[in-house]
Amino acid sequence: MLELKGLSKSFGGVQAVRDVSMRLAAGQVHGLIGPNGAGKSTLVNLISGLLSHSAGTLTLDGRSLDGMSAARRAECGIARTFQNLRVFPALTVEQNIDVARYTAARAGRGADALVAEAMVQFDLDSRRNSRADALAYGQLRRLEIVRALALAPRVLMLDEPAAGMNEQETQALGRALNWVRGQTDCALLVIDHDLKFIMSLCERITVLNMGAVIAEGTPREVSENRQVIDAYLGEGNDHAA
Amino acid sequence: MLNVTDLRVYHGPIEAVHGITFQVKPGQCVSLLGPNGAGKTSTLSAITGIARATGTIAFDGTDMGGLPVEARMRRGLAISPEGRRVFANLTVSENLRLGAAMRPEGQAERIARWFDTFPILGERRDQQAGTLSGGEQQMLAIARALMSEPRILLLDEPSLGLAPRIVAQIFAMIETLRQQGMTILLVEQNATQALRLSDYAYLLNNGRIVAEGTAGTLGQSDALMAELTGIG
Amino acid sequence: MDYVAQQAMNALSFGAEYALLALGLAIVFSIMGLVNFAHGEIIAVGGYTMVAMAALALSNPLIVIGAAVLAAVAGSMLLERVAFRPVRYADPTTGLLTAFGVSIVLQNLFLLLVSPRPIAVTSLYFLDWPVDLGAIRVSSLQLFEALTTAVVIVALMLFLRRTVLGLAMRAASLDFEMVRLSGIRANRVFAMAFAISGLLAGIACVFIMARRGSVDPHLGFDPVLKAFVACVVGGFGSLPGAVLGGFLLGAVEVAMLVMLPQSLGGMTDAFVFGIIAMVLIWRPDGILSPPVEKGDKI
Amino acid sequence: MTLSRAQRRGIVGAALLALILIAIGLAATWFGSRYQLRLVYGAYVNLLVVLALQVFMGNARVTNLSHSAFMGIGAYAAAICVTPEKIKAISLPDAPWGLNAFALDPVSSALIALVLTGLVAWLVGVFIVRLTGIGATIVSLAVLVIVHGLFLYRTDIFKGNQAFFGIPQLFNLTWVVGLAVLVVFITRGFRESRWGVALRASADDEVGAAAMGVDIHRLRLMAWVLSGVLLAVAGIAYAYYLGTISARPFYFNHVFLTLAMLILGGMRTVTGAVLGTFLISFGLEWVRWLETGPVVLGIDLPEALGLSGIVLGGVIVLTMALRPGGLMGDREIEDLILK
Amino acid sequence: ADTIKIGLGVPMTGDYAPYSEWQGARCMADMINAKGGVNGMKIEVLIQDSGADTQTAISLAQKFLDEGAVMLGTIPFSDTMIPVAQVAQGYGVSIFQPQSTQVEMHAGIVDNFFTGVSPDPFTATAAANHALSLGVKNVVLMTSDEGGSWSARTPLWFGDVVEAGGGKVLSKLNFSFGTSDWSPQIAEMKALGEQIDAVYISSIMPDIAVLIRQMRSAGIEAYVVGSDGFDDPSLDAIGTDDPAILDKVFFATLAPSHADSAVVRFIAECKEMGIDVPGLFPATGADTVKAVAWAVEQSGSTDPATLAETLRNADSIPVMSVDAISFKETRTYAQRTIPVIGFEGGKRVLISNEIPANTPTDWN
Ligand SMILES: Nc1ncnc2c1ncn2[C@@H]1O[C@H](COP(=O)(O)OP(=O)(O)OP(=O)(O)O)[C@@H](O)[C@H]1O
Ligand SMILES: Nc1ncnc2c1ncn2[C@@H]1O[C@H](COP(=O)(O)OP(=O)(O)OP(=O)(O)O)[C@@H](O)[C@H]1O
Ligand SMILES: CC(C)C[C@H](N)C(=O)O
Ligand SMILES: [Mg+2]
Ligand SMILES: [Mg+2]
């Protein structure tokens, strides 16, 4: 349903994303990995409209997103979280989520029931009236996910959701994301450096290096790919799930 | 030389490091290892005084708590920070001159020496540092830190985002420094390499020290180590 | 032709003054994000110092000028210590509002301690005599001002390139924390920035007083407002931007003064500000900084 | 959607503020001298301005310096419409477009003023909302200068710094208190509305808000225009009370005074706007009395011109140093009372 | 009442502070009180700073009225004087403005208003007449809307009279208050290509001083002519070192203010009493106080309406700045001789002092 064709982006001399094509399917969890600076976040920025691509096309359910503002894309159902937290510190948890809910309502999608349930699943219910800046880091990461869910998204992109989480937290996050998958049929795109987490969560994985796709496939295929081992995984590591 | 006791580090209301104790002896190279977000950078920030922290940070036996950043650095610390943070709008040689601010005498010779060590930096001496490649920037950051002839060098992920060839070069350089007797506190994700260089290492996870030991013992025995750093 | 040359010279000297003031604002802004609205009061401090010199019967021009410039430097450094230290790392709005408060306090202090009336200062009149440059006649003051501004720009450039403190100040505009991590004392950098800013205000003060011949509590408001605008138009915090913005504003202002038909004469300021606003809408971060895409990066 | 918790609390808060406003009004009416009544009226007009300022500055967090200009536009528009032809024949003999050949009733005049100011605000806003931070502030400054220039220059319409006189004096304290109560509900309502919340979100984090579907420009524009219209209300309240206006009261002095009020109270909240306005209005009055060098407790104080300015500026500096968010910070009145 | 209260809510701070009248009022009150007051009553001048703000000025007026003031003073701008007069009207109180020359106030908008001086067309004409007598032909007029009709229209009346006398207005140039560099305007003057004999401007100090010096320095030797805004000690100060700079400067003002004039003597007396009265404008407050005192004495009443009545119908009211004024014919302003002041060797000289007969009449 979300389709990228030949997407490219450069900053001055740096070609951050080059000629990336990929397709995200409804109900599927898609992983995106690659070394630091590979262009993963940039790709998410291009899809969510925070950056405009210099070449290529982007379609959602066959409808072109090119030239559409970030806000419009969010209305169309493209949701994301950020690698560096971008919650609204002076608003309460509930208001943080409301911002997204208003957008969904405007677009004629409602996710109130899902959000209410997600608050519980992501263990935020007890904090709904706290200001966001009073929350702990892990809670803020979860808040970002719930806030994105409140857009009732068609595509949900998570930029390093497990960063800074310990083993148990990461596992809990994985469970919660699996729950999300059961509740909606949105397409999930997950970036993370925690390979165990990615490998167990995703059905397909795309590997970026220096802005370009160097491999695409199931976790097993990817982890056995020679190029991927060279560029990212490194020799002698067995990361297959 | 550096004794850190019961250190807790805060970012705003968030406690990122929950009471760790470790030490670096003169002439040693000590590593702090751990996964993303373990609190390694936070620990260094607490030592330099950038981050708010409680506990004691004793350098040469006196607590540096309460001292402003620059006073700490002037006692003989130098850092090559995470993300390199070269002065992007200054040229390479200006970066080095600023690095020598605490020890201006004889800086010209030292700059020349660094240009010998990293000829590529010499070639780019009048180029703005912001236009250097990541690897070049990393070399510059380390050279800049060493321009002040510190008594202890803090290195935060010197291999981050670098091509393997450059990584090898950087590690070789750290090796040389160690042999010359420089005291080093090294933060790394690349545990295998780091352990090879270190006299002693601490493994951090989630703001706590979960294992410690000499490079040999840690590297081989610990299951936790395997889990957190991928060393098998 | 002579007329055009004459007006071009006028524009240059307007611009030189704005550039001088804008540099003073930019140097402080570039290291701490502070829009120093109180810069104008530093000029007034210089002016009142001249009054004091006259009262002490010290009329040697070197002493008068020296004392005024020194007082401006000292005043500026004092403000840094007393008023701006608490907001050193605060966001620009907090800084702007603080400076705005400081400015009100100072204006009223002059009023309370000296007088609400303008006080004549004639000791600098000697700086002003007519000079014939070919067919055009300019004031020596205009030449001095243009020259001084040029010298100041060069000196400032040398300072910023050659000295460690200068390097630190340039570096500080992008990453102040790293400057401190290099062992450079933050207090020194700030003190230096304010000292330079005060020096620039002091120099500007000499010219303003030589031309105006009197000081009153609101002496600095108008010029600094314009300099502030010049800074923003050039690209706030950028020193070349400040200079460029200053000269641009000078040119626009003189152009509007002389080109608007007399029937629209009363609208000069409105046109000047209108043009400046349009420049900003075209280049929101200033002429020297084309818009950049940041994505999710800060 | 039903009311959110914050919205329900907002109603309580606005009601509390309204009670306070009414109480002050009543106290002034019962106990105040005529002089004090005037002061209180002036304070309420400034309150209208500060509330209007809060709508944009507080929610979008962009420092605006043009508010007094919009107040002036509202005041002049209403004045031109409502002033009887007989008077305009004397005061505006050369007015173009037949501006001196008609007169409307006060209500229609006020409505025209509101719409007109809203239109001008919209025109300006289209440009302003694209800028952030200091750039937006500078453009707002330009707006102030341009509008003032027009007021001064078109003496045939506005009389410049001469008096535009003969505006019917229609308002009294009751009116302005009523307006203030209404505007408190409007501003508080906007703050807690979906737009207000989204706008505040975008002020906290522009990128994050855009990714959540917040059309920042549109919301800023909305707040800007609402602010403009409310400023027109303040302008009308000013003109309908004094009966005489000129360009001078709508320039820097007023801009800075009202800005100080908002800063002191805290621009992020409506309560802050109210608190700051009254503290400065009444505080300054007290200082002005000190300025005259009165005899206090048997001590004959010296005359101290400029004291009020020193206090005003000092308050701003101290507020910024000690409480950069103003006295109220992010707390509304109900947060002090409710749990 | 045992005191006669006069309320002055005037700008003691801000741009117009040099032009407010409070010091003179205070000094005159002290003088009268020292001699036992009026009919056994002391005069009390209530003074508070309005900062040139209209709202504040109106509130202060109200405050003084509540305190029983029988006469008010305020900044000489119609946007403030009109509402203040309207407030005072309810109390039967009038405004006495000792320096307001703008014409609007005499259009009949309010009638509880006196201005102790003649309107601008008269000062403009007096100055023009002197200019013509000096052989001035070509003039440049500088106008601004910022000071109301005083700065916008006075130059035009000057021009009218000059043209009627055979001169020519070469150009009108616009300026703003607060100008500290006139070089663009001066370049325009030079570009006119014709010899300029005089430049007329109605503005305030210090701007005028800058204009004079810059014109001289640019080699324009034309007369610089102006109105009462010139009448501040800081103008004389620019001639401290080089008196010649004031040689071709003259202005028509409110009252004779040269050495040995009543105003200067008054200022000296005040100084002896320890009150600093810095110039003509601050001194004019004495006129207000003296006129009120006289009216109380004449009518034996302190009822404000009676006082106004007394002043309005008197043939001759003694004031400080001149021997006497009267409102009988003119109702709201005092028809009086217009002094034209020039400089010789840096010292003020009274050039002429009469009521010009050829004043334009289309100003009301
Ligand atoms: N706004 C920008 N302006 C200039 N360069 C940028 C910008 N955003 C990203 N880049 C550059 O593009 C490249 C890709 O960055 P990106 O953030 O997409 O990497 P990433 O794959 O997300 O890495 P990480 O795993 O470290 O988050 C980097 O070289 C980065 O410096
Ligand atoms: N400025 C900050 N504000 C809020 N939280 C922060 C900040 N900096 C770090 N943190 C949080 O503190 C914790 C420790 O971070 P730290 O940067 O010390 O980790 P690290 O071990 O250096 O990780 P990495 O290997 O990614 O560099 C993390 O949860 C991180 O998200
Ligand atoms: C100088 C001005 C304050 C006075 C002037 N005579 C006027 O009425 O406007
Ligand atoms: Mg990334
Ligand atoms: Mg780190």
Side-chain angles (χ1 to χ4, degrees), chain C residues 29 33 35 82-87 90-113 115-116 217 221 225 228-229 231-233 236 264-278 280-281 283-286 294-298, chain D residues 57 61-63 124 126-128 130-150 152-155 160 206-208 211 252 256-257 259-260 262-263 267 291 303-322 324-326:
Chain C
F29 185 87
V35 180
V82 188
F84 295 127
R85 216 162 256 202
V87 297
D91 63 302
T93 314
T94 308
L96 175 109
L97 297 174
T98 306
F100 152 59
V102 170
S103 151
I104 301 182
V105 170
L106 287 179
Q107 284 188 18
N108 284 281
L109 272 179
F110 298 142
L111 216 149
L112 179 67
L113 301 178
S115 162
F221 181 80
L225 193 69
F228 173 42
V229 171
C231 257
V232 175
V233 170
F236 222 138
L264 284 175
M267 292 292 286
T268 309
D269 271 356
F271 273 90
V272 172
F273 276 79
I275 290 172
I276 292 306
M278 281 188 301
L280 266 182
I281 287 158
R283 275 283 164 87
D285 297 319
K294 291 222 192 69
D296 67 342
K297 309 287 188 282
I298 320 253
Chain D
M57 257 183 85
R61 266 173 258 145
V62 173
T63 307
V124 171
V126 168
F127 295 103
I128 290 243
R130 293 174 187 283
L131 297 161
T132 39
I134 213 88
T137 306
I138 289 289
V139 173
S140 76
L141 179 77
V143 172
L144 178 74
V145 174
I146 293 170
V147 172
H148 184 72
L150 271 173
L152 272 185
Y153 163 69
R154 292 307 300 251
T155 39
E206 201 166 317
V207 171
F252 279 114
F256 289 149
L257 177 70
L259 201 58
L262 186 57
I263 295 163
M267 67 177 183
E291 256 178 11
E303 201 164 63
L305 293 178
L307 195 63
S308 51
I310 294 172
V311 172
L312 184 66
V315 161
I316 297 174
V317 175
L318 283 180
T319 312
M320 288 296 113
L322 305 175

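Chain identifiers are assigned alphabetically (A, B, ...) following the order of the sequence lines, protein sequences preceding nucleic acid strands; residue numbering begins at 1 within each chain.
Closest non-hydrogen pair, Gly313(D) versus Val105(C), comes out as C-CG2, 3.3 Å. Here the closest non-hydrogen pair linking Leu305(D) and Pro116(C) is CD1-CG, 4.3 Å. In plain terms, the two heavy atoms of Leu131(D) and Leu280(C) that are nearest each other are CD2-O, 3.6 Å.
Using a 4.5 Å cut-off between heavy atoms, Leu96(C) touches chain D through its side chain atoms alone. For Ile316(D), the part lying under 4.5 angstrom from a heavy atom of chain C is the side chain only. With a threshold of 4.5 angstrom between heavy atoms, Phe252(D) approaches chain C through side-chain atoms but not through N, CA, C or O. Of the atoms belonging to Ile128(D), not a single heavy atom falls under 4.5 Å from chain C. Residue contact with chain D, scored on non-hydrogen atoms closer than 4.5 Å, involves the side chain of Phe221(C) exclusively. For Val232(C), the part sitting under 4.5 Å from any heavy atom of chain D is the side chain, from C-beta outward, and nothing else. Only the side chain of Val35(C) comes within less than 4.5 Å of a heavy atom in chain D; its backbone stays farther off.
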Taking only distance into account, with no hydrogens and no angle test, what donor-acceptor pairs under 3.5 Å do side-chain atoms of residues 97-104 of chain C form with protein atoms, sequence neighbours excluded?
unit_1: Thr98(C); atom_1: OG1; unit_2: Thr94(C); atom_2: O; d: 2.7
unit_1: Ser103(C); atom_1: OG; unit_2: Glu41(C); atom_2: OE1; d: 3.2

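Considering CZ of Phe228(C) and OG1 of Thr137(D), their distance stands at 6.5 Å, rounded to 0.5 Å. Taking CD1 of Ile138(D) as the reference point, atom CZ of Phe273(C) lies at 8.0 Å (rounded to 0.5 Å).
Note on Gly314(D), Gly309(D), Gly135(D), Gly149(D): by heavy-atom pairs under 4.5 Å with chain C, the leading option is Gly309(D). No other option in Leu141(D), Leu152(D), Leu322(D) has as many heavy-atom pairs under 4.5 Å with chain C as Leu141(D). Ranking Val272(C), Leu225(C), Val233(C) against chain D, the residue ahead of the rest is Leu225(C), based on heavy-atom pairs under 4.5 Å.
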